[in-house]
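Here the structure comes first, spelled out in structure tokens, and everything after it is commentary.
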Amino acid sequence: MRPSSPALVVIVATAILALSGAAHADVQGTCKAAAGIDSRISYKFCVSKLSNHHLSPDADTRGLALIAASLGISNAEDTVFDIKGLVAKPGTGAKAKPLLARCQELYNEMSFAFAEGYDRINARSYAAGKEKVGEAIPLARQCDNAFAKAAIPSPLVQRSWCSVQMSIICTAITNLIK
């Protein structure tokens, strides 16, 4: 028995939708699931950052992972800009300037790590993407540790925290991709 034309249209349309991956992911639900995977994730931060991105309303899970990686790139690049301002700022101590210079190098590396992670997730090479994005965490910690070792309060604590959050959020969301 052959299916009727309307039934065939419904079957084909359903198959196309299922194969296209065009299903929209709910930011709140995705952040909740990500926080369930990794307890270090700040659910509130995840929702705030992802929902404020202009592409998030139409993004699927993979799209949200890509948004998290792109937010990691932006944070790293903004931090490099902030560091340049801190170095040029009158009153920045002589002991802090070489530490800031080192952190600038680390955040440049971090920007590239997030970008490579983005590219690999976009190419559906999820394990490699997560590995590259994961490189942000030790880079942020190296910056923080340099200040701690010199017994100087880091002016980049919030930036480091955001970088670590974007790394673990991106990794956890990538783990949710089916």
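For reference, positions follow the sequence shown, starting with 1.
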Would you indicate whether the side-chain heavy atoms of [Y] and [X] approach each other to under 4.5 Å?
X	Y	result
P155	F147	yes
C143	M110	no
R124	Y126	yes
I121	C170	yes

Restricting to non-hydrogen atoms, name the atom on [X] and the atom on [Y] that form the minimum distance, rounded to 0.1 Å.
X	Y	result
G117	V133	CA-CG2, 3.8 Å
S167	A136	CB-CB, 4.1 Å
S56	L64	CB-CD2, 4.0 Å
L156	C103	CD1-CB, 3.9 Å
A65	I177	CB-CD1, 4.4 Å

What distance separates [X] [atom1] from [Y] [atom2], expressed to the nearest 0.5 Å?
X	Y	atom1	atom2	result
L66	L71	CG	CG	11.0 Å
I152	K95	CD1	NZ	5.0 Å
S111	E116	OG	CD	10.0 Å
Q28	L50	CD	CG	9.5 Å
I173	R62	CD1	CZ	13.5 Å
Q104	L99	CD	CG	13.0 Å

Same cluster (ILVMFWY, side-chain, under 4.5 Å), L106 and F112: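 As far as the 4.5 Å side-chain criterion goes, F112 and L106 are not connected within one cluster.
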Say whether L55 and L176 are linked into one hydrophobic cluster, either directly or through other cluster members, by side-chain heavy-atom distances under 4.5 angstrom.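 Cluster IDs for L55 and L176 differ.
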Step by step, would you call E135 with E109 a side-chain contact (heavy atoms from CB on, under 4.5 Å)? CA-CA 9 Å; E135 291 176 10; E109 286 180 49; over 6 Å; no
When the side chains of residues 78-90 are checked against the rest of the protein, which donor-acceptor pairs come out under 3.5 Å, sequence neighbours left out?
unit_1 : atom_1 : unit_2 : atom_2 : d
T79    : OG1    : N75    : O      : 2.7
D82    : OD2    : R159   : NE     : 3.1
D82    : OD2    : R159   : NH2    : 2.7

More than 12 heavy atoms of other groups within 6.0 Å of K49 NZ: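 For K49, atom NZ is not crowded (no more than 12 foreign heavy atoms under 6.0 Å).
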Is a side-chain donor or acceptor of N145 paired with a backbone partner of R141 at a separation under 3.5 angstrom?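 Pair found, side chain donor or acceptor close to backbone of R141.
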Validation: residues 30-46 side-chain donor-acceptor distances under 3.5 Å, sequence neighbours left out:
unit_1 : atom_1 : unit_2 : atom_2 : d
T30    : OG1    : D26    : O      : 2.8
D38    : OD1    : R40    : N      : 2.9
D38    : OD1    : R40    : NE     : 3.0
D38    : OD2    : R40    : NE     : 3.3
D38    : OD2    : R40    : NH2    : 2.7
S42    : OG     : F45    : N      : 3.2

